[in-house]
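Questions regarding the structure given below will be posed in turn.
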Protein chains: 2
Amino acid sequence: MLGAMTAMAPRRERPDLSFLLDHTSLVLRSRMTAALGEIGLTPRMHCVLVHALEQERTQIQLAEIGDMDKTTMVVTVDALEEAGLAERRPSSTDRRARIIAVTDAGARLARRSQEIVDRVHAEALDALPATERKAFLRALERLVGDHLAAPVEAPRPVRRAREVVR
Amino acid sequence: MLGAMTAMAPRRERPDLSFLLDHTSLVLRSRMTAALGEIGLTPRMHCVLVHALEQERTQIQLAEIGDMDKTTMVVTVDALEEAGLAERRPSSTDRRARIIAVTDAGARLARRSQEIVDRVHAEALDALPATERKAFLRALERLVGDHLAAPVEAPRPVRRAREVVR
DNA sequence: TATTGTTATACTCTATAACTATA
DNA sequence: TATAGTTATAGAGTATAACAATA
């Protein structure tokens, strides 16, 4: 990880927003991953389960919601199927597409994992006084909706064709 | 990246802190990387420059501050030397250690890069009303100092010895 | 014996490219 | 022609292992 962007002394006058956001985000993620890991889920599996439960969705739609590549979705759904938590079903309207159907076991586990997610979030937020907590969340939501809505696109390196193995 | 941890509907009642922190952190980082890239620096190079300027520091000390591995520090210092921004000098007290000395060009560039860092931070924070901004920063600092201080250590996979090539 | 800095490289993660089936 | 899903793998990023010099 990358640490302090700003020299030590002027921290108070120029708060190191990069460090603060990176650090809190990383630590929260590590807690979330550890907590969900106890019931055999990754954050990604949880994300797919919850949104597949809401309504009938295809892999592409779930990939969009979870901000994953479709190829990452393939391995995530593979893991969910292997664990007996979800199944691929043909879409009735598009024979190319697969609906991700959550099994009963998947639905039960999703309830537990959502409790875990809420608990991990609550434990973090409980460290803040109520007023500050509200302003904190409002601020984050404002940033996500506004100035920090979309990442700057970095130019991606062109990749050579893949080696064909017979 | 990973997106929403929480189903769509209950977002208002159960704010998705993971999503909010991940998203803001990622977008800010992309902006920072793009902005520093315009003067030929990575966030890591900036970080090392700034802290090497503050006082005499060895690679290990700079790695600690930047939360980088010492091997990552090697390539970062390589890049700084190649760009003529810093030099490795033998420590006068420990012949194993190298002091990272910032050149005049490095010092000039560090002033500019710190301005860039401050500007990118300010642009984000300017999106917030003054009161909210203060509470936001206080909250982040409280979390970093308290509940979200340290990541949960994930068990690292054991790695086999490296192949010896003669 | 432990630590600084270094090199080589193992491993993870993510996404691109290419492909099949279908729209 | 374009899209959903799949497979294979390229490439970036990062950290471990091993080592030389020194403490």
Side-chain angles (χ1 to χ4, degrees), chain A residues 1-3 22 26 29-30 33 42-45 48 52 56-81 86-100 151 153-166, chain B residues 1-3 22 26 29-30 33 37 42-45 48 52 56-64 66-81 86-100 151 153-166:
Chain A
M1 193 188 47
L2 173 64
D22 280 356
L26 179 96
R29 181 184 284 258
S30 83
T33 301
T42 62
R44 236 167 224 155
M45 288 163 80
V48 170
E56 284 214 345
R57 287 190 166 120
T58 64
Q59 287 186 205
I60 286 272
Q61 289 170 333
L62 291 166
E64 171 97 7
I65 292 171
D67 198 11
M68 304 173 218
D69 190 85
K70 60 181 181 172
T71 60
T72 306
M73 181 57 58
V74 169
V75 305
T76 306
V77 173
D78 285 350
L80 289 172
E81 277 204 319
E87 290 166 11
R88 289 171 165 100
R89 300 217 181 125
S91 160
S92 52
T93 57
D94 184 340
R95 284 200 292 171
R96 295 169 304 180
R98 318 292 192 87
I99 300 294
I100 302 309
E153 286 304 320
R156 308 180 223 176
V158 181
R159 185 162 146 182
R160 70 178 164 81
R162 68 181 209 237
E163 196 87 14
V164 180
V165 177
R166 300 258 159 219
Chain B
M1 195 190 47
L2 174 63
D22 280 356
L26 179 95
R29 179 184 286 255
S30 82
T33 302
T42 62
R44 234 167 225 156
M45 287 163 81
V48 170
E56 285 214 345
R57 290 193 163 117
T58 65
Q59 289 188 200
I60 284 273
Q61 290 170 331
L62 290 166
E64 171 98 8
D67 197 12
M68 304 174 220
D69 191 85
K70 61 181 181 172
T71 59
T72 305
M73 181 57 59
V74 170
V75 306
T76 306
V77 173
D78 285 350
L80 288 172
E81 277 204 319
E87 290 167 11
R88 289 172 165 98
R89 298 214 184 127
S91 161
S92 53
T93 57
D94 183 341
R95 284 200 293 171
R96 295 169 304 179
R98 317 291 193 89
I99 301 293
I100 302 309
E153 286 304 322
R156 307 181 224 180
V158 182
R159 185 163 144 181
R160 69 180 165 81
R162 71 179 206 236
E163 197 85 13
V164 180
V165 177
R166 300 256 163 224

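So you know, we letter chains A, B, ... as the sequences are listed, proteins then strands, and number each from 1.
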Heavy atoms from C-beta onward define the side chain here; which of dG5(C), dG5(D), dT16(D) lies closest to that of D69(B)?
dT16(D)
Regarding the side chain of A161(A), the nearest nucleotide among dA17(C), dG5(C), dT14(D) is dA17(C)
So what does T58(B) touch, heavy atoms closer than 4.0 Å: a base, only the sugar-phosphate, or nothing?
sugar-phosphate
What residues form a side-chain hydrogen bond (donor to acceptor under 3.5 Å, both in side chains) with S30(B), not counting sequence neighbours?
none
Separation of dT14(D) C1' from L26(A) CG (nearest whole Å)
14 Å
Is the base of dA15(C) touched by the side chain of T71(A) through a donor-acceptor pair closer than 3.5 angstrom?
yes
N or O in side chain of Q61(B) less than 4.0 angstrom from dT4(C) OP1/OP2
no
In whole angstroms, the gap separating C1' of dA4(D) from CZ of R89(A) amounts to 19 Å
M73(A) atom CE is separated from dT3(D) atom C1', nearest whole Å, by 16 Å
CD1 of I60(B) versus P of dA15(D): gap in Å, rounded?
14 Å
R88(B) has an atom CZ; how far is it from atom P of dT4(C), in whole Å?
15 Å
All N/O pairs under 3.5 Å across the protein-nucleotides 19-23 of chain D interface:
residue : atom : partner : partner atom : Å
dA23(D) : OP1  : R95(B)  : N            : 2.8

Is it true that atom CD of E81(B) has more than 12 heavy atoms of other residues, nucleotides or ligands lying nearer than 6.0 Å?
yes
State the CG-CE distance between L80(A) and M73(A), to the nearest 0.5 angstrom.
9.0 Å
Sidechain N-carboxylate O distance under 4.0 Å for D67(A), R44(A):
no
Would you indicate, yes or no, if dA8(C) has its OP1 or OP2 atom less than 4.0 angstrom from a side-chain nitrogen or oxygen of R159(B)?
no
Side chain to side chain contact (heavy atoms under 4.5 Å, CB included) evaluation trace for V77(B) with I100(B):
CA-CA 8 Å; V77(B) 173; I100(B) 302 309; 3.8 Å; yes
Send over the distance from E153(A) CD to dT16(C) P, rounded to a whole Å.
10 Å
If you look at every heavy atom in I99(B) and S91(B), which pair is closest and at what distance?
CG1-CA, 3.9 Å
Has Q61(A) got more than 12 heavy atoms of other residues, nucleotides or ligands less than 6.0 Å from its CD?
yes
Does dG11(D) have OP1 or OP2 sitting under 4.0 Å from an N or O in the side chain of R160(A)?
yes
In whole angstrom, give the distance that lies between atom CZ of R98(A) and atom P of dA21(C).
12 Å
Please state how far atom CD1 in I100(A) lies from atom P in dG5(D), giving the value in whole angstrom units.
7 Å
